[in-house]
**Q** 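Have a look at this one.
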Number of protein chains: 2
Amino acid sequence: MRTGRPRGFCIETALDRAMTVFWQKGYEGASLSGLTQAMGINPPSLYAAFGNKEGLFRAVLERYDARRKGLMDRVIAAPDAKKAAQLFLEGVAEFSADTNGRNPPGCLLVQSGLSCSDRDIPEILAQHRAEKEKMLRERFERDRKDGNLPKSANPAVLASYLVAMANGMCVQASAGATIKDLMDVVKLALHAWPVAEKPAPKKSAHPLQRAL
Amino acid sequence: MRTGRPRGFCIETALDRAMTVFWQKGYEGASLSGLTQAMGINPPSLYAAFGNKEGLFRAVLERYDARRKGLMDRVIAAPDAKKAAQLFLEGVAEFSADTNGRNPPGCLLVQSGLSCSDRDIPEILAQHRAEKEKMLRERFERDRKDGNLPKSANPAVLASYLVAMANGMCVQASAGATIKDLMDVVKLALHAWPVAEKPAPKKSAHPLQRAL
DNA sequence: GCCATTATGTATCGTCCGATACAATAAAAG
DNA sequence: CTTTTATTGTATCGGACGATACATAATGGC
């Protein structure tokens, strides 16, 4: 067993509290005193657990991804490409304009540090966003290969389009857009989706597509 | 004539320099020492001219709007609604992924302070973005009234859609997206545009529409 | 020339920042 | 019980932050 005095706080809970602070104030706007107060710990505990402010931020981002995994799984498992796009955009609209108070409006990956004194922060955030885009692109590449997307469709562009829409909606959500505002935009955005050439697809885009 | 010692620096040039700093580092990441150094002046000159850091930021945003006025004028004067949408998105793609070094990538209104320790900053930025959206909405309301957009089209949603796309593309540009990447997205985004019900529009959407 | 007015350069203010030193505490290992 | 290891709370570090005091310089008004 692990020796030494046991940690006196829950890592996950502390990360959730820190996430809210970073979300509301951004990376640079989040002060150590604000973070420790929200997390209910003292500075030495924070530094012992996460190294420094950037280490805490990276841990928060990992937890953020974990929280969004459910949505991404549903998107990847959607029965067809357009349904995947719809689930993705609707999911983003739902959580970014969430009024349940579980999180501040918007998206942590967008608003916590697009521009920053420390150049690493925007890069880290970009990597996390690119990860989501990659998931979508690979899903659409499979769709195209299997004939569920027209050969004229470009999976990379489709993924980029969805991520741009998602990020843009998050910007609007952070400025006060309601979920209805965003859902209207989603409905319009899906009209851009390419139509299939042939009515009967060759085979499934994903083994789980029948699950829904 | 104005009495007293004349100002020893050009306001516009200084604002352009400050704009670059805010653009790259965000509102909070931009330090007074960094700003004064980039502007080529000392702190007292800055405070005498702009009041404080927030005053400087507001002045920078006004200059930013002035710089973008040319694009917005062209958008409003476009011959039809879809052409307006195209000009807008292509214009945003062009300047946000600009490699001429005139500005950092992205959009100042998006990346300089979505989240901030000072709550006024996100609000000010949101107002400036909302102004652009309002211009688009009013243009589309005229189009719809004049029969250049189908009655089923919702001008507010169309404007919101375009602004979301623009903001999302800016996020991607700030992460390194090329102008080609964004142009591909623009082309796809325009596929969502509503098609007119009747082939012959009743009258011009705008007096300047014949100008192109 | 002299005054009122405004801008400038130097030096510095108090505050908050991120980060630690240190002793005390709480567990496992022997 | 003693040692070892790890976390805790208190108090504080050097530095950067935004913002100014103050004397000097440069203009128009008279």
**Q** Nearest whole angstrom, please: distance from the P of C:dC22 to the CG of A:Asn42.
**A** 18 Å
**Q** If you assign each of B:Glu54 and A:Ser45 to its closest nucleotide in DNA chain D, which residue comes earlier from the 5' end?
**A** A:Ser45
**Q** Decide salt bridge (Lys or Arg N to Asp or Glu O under 4.0 Å) for A:Arg137 and A:Glu133; before the verdict, give the C-alpha distance in whole Å, the side-chain angles of both, and the deciding distance to 0.1 Å.
**A** CA-CA 6 Å; A:Arg137 192 187 67 236; A:Glu133 185 171 334; 5.8 Å; no
**Q** Is the closest side-chain donor-acceptor distance between B:Thr13 and B:Asp16 under 3.5 Å?
**A** no
**Q** Validate the cation-pi geometry between A:Arg7 and A:Phe9: distance from NZ or CZ to the six-membered ring centre under 6.0 Å, angle to the ring axis within 45°.
**A** yes
**Q** Test A:Trp193 against every option in A:Phe140, A:Tyr161, A:Phe88 by the ring pair (Phe, Tyr, Trp, His ring centres under 6.0 Å) rule and name the one that passes.
**A** A:Phe140
**Q** Provide, to the nearest angstrom, the distance between the CG atom belonging to B:Leu46 and the C1' atom belonging to C:dG9.
**A** 14 Å
**Q** Quickly work out the A:Asp118 CG to D:dC17 P distance and round it to whole Å.
**A** 13 Å
**Q** Would you please confirm or rule out a distance under 4.0 Å between OP1 or OP2 of C:dA29 and any side-chain N or O of A:Thr3?
**A** no
**Q** Do you see a donor-acceptor pair shorter than 3.5 Å between the side chains of A:Gln24 and B:Ser115?
**A** no
**Q** Just by distance, with hydrogens left out, do A:Thr178 and A:Asp181 show a side-chain donor and acceptor under 3.5 Å apart?
**A** yes
**Q** Both A:Arg2 and A:Ala30 contact DNA chain C. Taking the nearest nucleotide for each, which residue is further toward the 5' end?
**A** A:Ala30
**Q** Examine D:dA16: is either OP1 or OP2 under 4.0 Å from a nitrogen or oxygen in the side chain of B:Ser31? Give yes or no.
**A** no
**Q** To the nearest Å, how far apart are A:Ile41 CD1 and C:dA19 P?
**A** 14 Å
**Q** Measure from the side-chain heavy atoms of A:Pro44 and tell me the nearest of C:dG18, C:dA21, D:dG18.
**A** C:dA21
**Q** Does B:Lys69 pair with B:Asp73 as a salt bridge, N-O distance under 4.0 Å?
**A** yes
**Q** Nearest whole Å is fine: how far is D:dA16 C1' from B:Leu35 CG?
**A** 14 Å
**Q** Please list residues of residues 4-29 of chain B whose heavy atoms come under 4.0 Å from any atom in DNA chain D, ordered by number; otherwise none.
**A** B:Gly4, B:Arg5, B:Pro6
**Q** Rounding to a whole Å, what distance do you find between A:Tyr47:OH and D:dT10:C1'?
**A** 16 Å
**Q** Any side-chain N or O of B:Ser33 under 4.0 Å from OP1/OP2 of D:dA16?
**A** no
